[in-house]
Protein chains: 2
Amino acid sequence: MPDIKHFDPDETLDTVVRLFWRRGVATTGVQDIVTATGLNRSSLYATFGGKQELYLAALHRYRERRSRPMFRRLAEGDRGLPAVAEFFDSLITVRCSGEYARWGCMVANAHAGAENGDPDVRAVLDRHHQELRDALHTALTAAETRGQLAAGTDPEAAADLLALLAYGVNLRSRAGADAQALRRTVTAALDSIGRSPLA
Amino acid sequence: MPDIKHFDPDETLDTVVRLFWRRGVATTGVQDIVTATGLNRSSLYATFGGKQELYLAALHRYRERRSRPMFRRLAEGDRGLPAVAEFFDSLITVRCSGEYARWGCMVANAHAGAENGDPDVRAVLDRHHQELRDALHTALTAAETRGQLAAGTDPEAAADLLALLAYGVNLRSRAGADAQALRRTVTAALDSIGRSPLA
DNA sequence: GCCATCTTGGAATCGTGATTCCAAGATACT
DNA sequence: AGTATCTTGGAATCACGATTCCAAGATGGC
């Protein structure tokens with residue numbers, strides 16, 4: 001009996017993600033969202049609630065569409081170090097070129113804003129960090145099993161280190177860091193973790 | 001002949017730094033600054049110009065009072081790795097406890113906000129990164145000279161890595177990362193850079 | 001074709017954003 | 001003391017913030 005939505009909420013959320021991701025939540029107005037999505041204020045509020053709820057939904061969407069797939073690839077296949085190297089390589093490519101160049105990571109960005117005061121946001125941040133660590137840890141454990149790790153390397157500690165390194169890459173890429181330089185740095189880090197080249 | 005200022009601009013700037021540092025520029029209003037400093041809008045604008053100029057002044061002040069002293073200590077004395085370890089130790093202490101706990105680094109925070117669109121801000125960000133790298137590089141070169149580095153460690157690459165790691169520490173500390181965990185991670189990183197314990 | 005129910009357009013609300021303006025007050029030199 | 005020159009208080013400005021409201025429109029089942 002009721003009317004049906006005249007737009008696609010899913011598509012809308014993707015547009016909203018792009019806005020919050022690029023410009024941050026504090027500097028993105030509801031008017032900007034209305035303009036970018038083309039839909040009406042009423043529809044926005046009726047579908048998603050207020051701005052904060054919309055931001056949270058966008059954050060979830062970002063993680064689901066952008067972060068999770070990368071984490072999954074990183075952890076799957078027991079490839080070990082090559083998977084880690086590929087992860088960072090894709091990361092740097094996305095951060096420094098193409099449509100999303102210089103946007104950084106939406107979750108990393110959220111750390112710096114006042115939005116991290118919201119307990120819900122904070123929870124997402126922590127969960128994200130945990131998942132990143134876990135994925136890296138899985139890959140590094142596989143690397144250890146395959147004998148790819150240097151003698152003194154602990155997979156746990158190395159995962160923590162690489163997770164923090166990823167935040168650094170994300171942040172600096174937003175300021176326009178050079179992709180080549182980032183790649184060199186990551187390579188050096190992975191080299192120090194991995195078995196020295198001996199054959 | 002003229003009147004003289006009825007307040008101390010220097011002291012005021014310190015208060016402003018605290019505001020922008022903790023809450024970010026987008027979410028800090030001029031009204032908040034007026035309230036926190038106790039001085040009048042007219043005096044604010046007459047002394048510092050608008051909000052953006054005030055933010056830039058605060059950013060400079062932060063670097064001068066907070067970052068530079070740490071960089072200087074890191075680079076001076078040719079102590080090598082111990083200086084690096086001490087640097088990270090102080091960093092984590094400041095970021096996770098005391099008055100500034102969970103505030104992160106004002107410069108790192110600036111990477112994530114929309115304020116990085118301003119060319120002047122961007123320039124400060126790049127200069128900051130350069131100085132951090134340089135300080136680390138100086139310390140690591142001293143470490144190399146003193147034979148503290150592992151065989152495959154390049155001071156340049158290690159400096160880049162540790163610089164990015166510092167951003168990671170700063171970001172995560174804002175989300176309430178555990179100091180002990182951060183310390184363990186940093187220690188592991190320094191261990192992998194340094195000469196293995198052999199006597 | 002009708003009705004209950006939802007969606008949509010767009011104005012209205014009401015707070016707060018940064019910035020400006022001017023009269024009143026304070027200062028230091030003459 | 002007088003005066004030129006700056007500072008200060010506080011109201012005024014004007015754009016834009018998020019959110020709400022209601023009349024008009026669209027839908028699907030009867």
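Lettering follows sequence order; numbering is per chain, from 1. The basis for the numbers below is simple: all heavy atoms, side chains too, and nothing from hydrogens, waters or symmetry mates. Model, not experiment: these values are computed from the prediction.
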Practice task
Would you indicate what B:Thr27 reaches in the nucleic acid, counting non-hydrogen atoms under 4.0 angstrom: base, sugar-phosphate, or nothing?
Solution key: nothing
Completion exercise
Nearest-nucleotide check on DNA chain D, B:Phe7 vs A:Gln52; residue mapping nearer the 5' end is B:Phe7
Handout entry: Length of the line joining B:Leu39:CG and D:dG10:C1', which is rounded to integer Å
Key = 14 Å
Practice task
Please indicate whether A:Arg73 has more than 12 foreign heavy atoms, meaning atoms of other residues, nucleotides or ligands, lying under 6.0 Å from its CZ.
Solution key: no
Problem - Euclidean distance, atom CZ of residue B:Phe48 to atom P of D:dT7 [Å, nearest integer] - result: 12 Å
Exercise for the section: Check if the side chain of B:Ser43 and the base of D:dG9 share a donor-acceptor pair of N or O atoms closer than 3.5 Å. Expected result: no
Fill in the blank from the handout: In whole angstroms, the gap separating C1' of D:dG17 from NZ of A:Lys51 amounts to 8 Å
Problem - Distance, rounded to the nearest Å, where A:Leu44 contributes CG and C:dG9 contributes P - result: 11 Å
Exercise for the section: Determine the interplanar angle of the B:Phe71 and B:His128 rings, folded into 0 to 90°, and report it as parallel if under 30°, tilted if 30 to 60°, perpendicular if over 60°. Expected result: tilted
Exercise for the section: Answer yes or no: side-chain N or O of A:Arg41 and base N or O of D:dT19 forming a donor-acceptor pair under 3.5 Å. Expected result: yes
Exercise for the section: Please say which of B:Tyr55, B:Trp103, B:Tyr62 ends up in a ring-ring contact (aromatic ring centres under 6.0 Å, His included) with B:Phe20. Expected result: B:Tyr55
Handout entry: For atom OH of A:Tyr45 and atom P of D:dA18, their distance in whole Å
Key = 6 Å
Fill in the blank from the handout: Closest heavy-atom pair, A:Gln148 versus A:Leu81, reported as atoms and distance to 0.1 Å, is OE1-N, 2.7 Å
Completion exercise
The nucleotide from D:dG28, D:dA18, D:dT8 with an atom nearest the side chain of B:Ser42 is D:dT8
Handout entry: Whole-Å distance separating the CG atom of B:Leu19 from the C1' atom of C:dA18
Key = 16 Å
Fill in the blank from the handout: Regarding the side chain of A:Asp3, the nearest nucleotide among D:dA18, D:dT27, C:dG17 is D:dT27
Handout entry: Ion pair check, B:Arg172 and B:Asp178, cut-off under 4.0 Å
Key = no
Handout entry: Along DNA chain D (nearest heavy atom to each residue), the more 5'-positioned of B:Asn40 and A:Gly29
Key = B:Asn40
Handout entry: Nearest-neighbour nucleotide for the B:Pro2 side chain, D:dC6, D:dT7, D:dA18 considered
Key = D:dC6
Exercise for the section: Take atom CD of A:Glu53 and atom C1' of D:dT19, then tell me their distance rounded to the nearest Å. Expected result: 12 Å
Fill in the blank from the handout: B:Leu54 atom CG is separated from C:dG17 atom P, nearest whole Å, by 15 Å
